[in-house]
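First up is the structure itself, then whatever we jot down about it.
Please read these numbers as outputs of a predicted model, since none were measured by experiment. Heads up: numbering here begins at 1 and tracks the sequence. Side-chain atoms are counted along with the backbone in the values below, which use heavy atoms only and exclude waters and symmetry mates.
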Amino acid sequence: MLQVRKLQESDWKFLPQWWDDYNQEPWIKGEEFRDIMPGAFQVGEFDQKRLGLGGFIVCKDKHPIAAIWLYLGNGNCTLPTAAVSDPGYRDTDRKEAIQLLVDFITDFSKDLGYKYAFTWAQEGAMLDYYLKAGYKKWDKPSYELIKKL
């Protein structure tokens, strides 16, 4: 059974390896990558930001399949970003699992009261999943840009 859950600290033991196994570089290499990912907030005596845990992962019988992060904006927009999947997972429900994750973050954004979700995706990677979830595609391609300040 496929289930979506919040990212956990223990997920960072394998997430960087998934990018390495695809020979895919995240925006920033090494530990700094986690610095730019959205953090989760833990409610308790103090609000404590947990770096890189602001996202979700889809699992099948506790086996992680794919992860995605979600930036929550201070306006009416969320930003789903940086999806990655286990390159060794080849069950027939792989595409279904990734689509479930995209649909989940889209519904989650709406449930939080956001009016828009803005994202980018490459052909042959996540683009088809977003289009299937109802996102619109511009006619002109764009580029991913980042600068360390």
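- Side-chain contact, D128 with Y130: no donor N or O sits under 3.5 Å from an acceptor N or O.
- Applying side-chain contact (heavy atoms from CB on, under 4.5 Å) to W69 and the options L7, L79, L53 leaves one that passes, L7.
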Assess the residue pair T78 and F118 against the criterion (side chain to side chain contact (heavy atoms under 4.5 Å, CB included)); give the C-alpha distance rounded to whole Å, side-chain angles, the decisive distance to 0.1 Å, and a yes or no.
CA-CA 6 Å; T78 62; F118 176 81; over 6 Å; no
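- To the nearest 0.5 angstrom, M37 atom CE is 15.0 Å from R50 atom CZ.
- Between F56 and F108, the gap from one ring centroid to the other is short of 6.0 Å.
- Checked options I57, I105, T119; the residue passing with I68 is I105 (criterion: side-chain contact (heavy atoms from CB on, under 4.5 Å)).
- Placement of L100 and M126 within a single hydrophobic cluster is found when ILVMFWY residues are connected by side-chain heavy-atom separations under 4.5 Å, directly or transitively.
- A salt bridge links R34 with E9: the closest approach of a Lys/Arg side-chain nitrogen to an acidic carboxylate oxygen falls below 4.0 angstrom.
- Residue Y116 qualifies as open at atom OH: its count of foreign heavy atoms under 6.0 Å is 12 or below.
- Contact check on K60 versus E96 returns no salt bridge, with no Lys/Arg side-chain nitrogen under 4.0 Å from an Asp/Glu carboxylate oxygen.
- Remark: Y22 OH to S85 OG distance equals 3.0 Å, nearest 0.5 Å.
- Under the 4.5 Å side-chain contact rule for hydrophobic residues, L70 and Y129 share a cluster.
- I98 and V84 are assigned to two separate hydrophobic clusters, defined by single-linkage of ILVMFWY side chains at heavy-atom distances under 4.5 Å.
- Taking CH2 from W138 and CH2 from W120, the interatomic distance works out to 11.0 Å, rounded to the nearest 0.5 Å.
- How far CH2 of W18 is from CG of D20: 13.0 Å, rounded to the nearest 0.5 Å.
- To the nearest 0.5 Å, atom OG of residue S109 and atom OH of residue Y71 are 14.0 Å apart.
- A donor-acceptor pair under 3.5 Å links the side-chain atoms of D86 to the main chain of G88, judged by distance alone.
- Atom CD1 of I65 sits about 7.0 Å away from atom SG of C59, to the nearest 0.5 Å.
- No continuous path of ILVMFWY side-chain contacts below 4.5 Å connects W19 to Y89, so the two sit in separate hydrophobic clusters.
- Looking at heavy atoms from C-beta onward, Q3 lies out of side-chain contact with V58 at the 4.5 angstrom threshold.
- Between T106 and Y135, the closest side-chain pair of non-hydrogen atoms falls below 4.5 Å.
- Minimum interatomic distance between K62 and P64 (heavy atoms only, all atoms of both residues): O-CD, 3.3 Å.
- Using a cutoff of 4.0 Å between basic side-chain nitrogens and carboxylate oxygens, K6 and D11 are not scored as salt-bridged.
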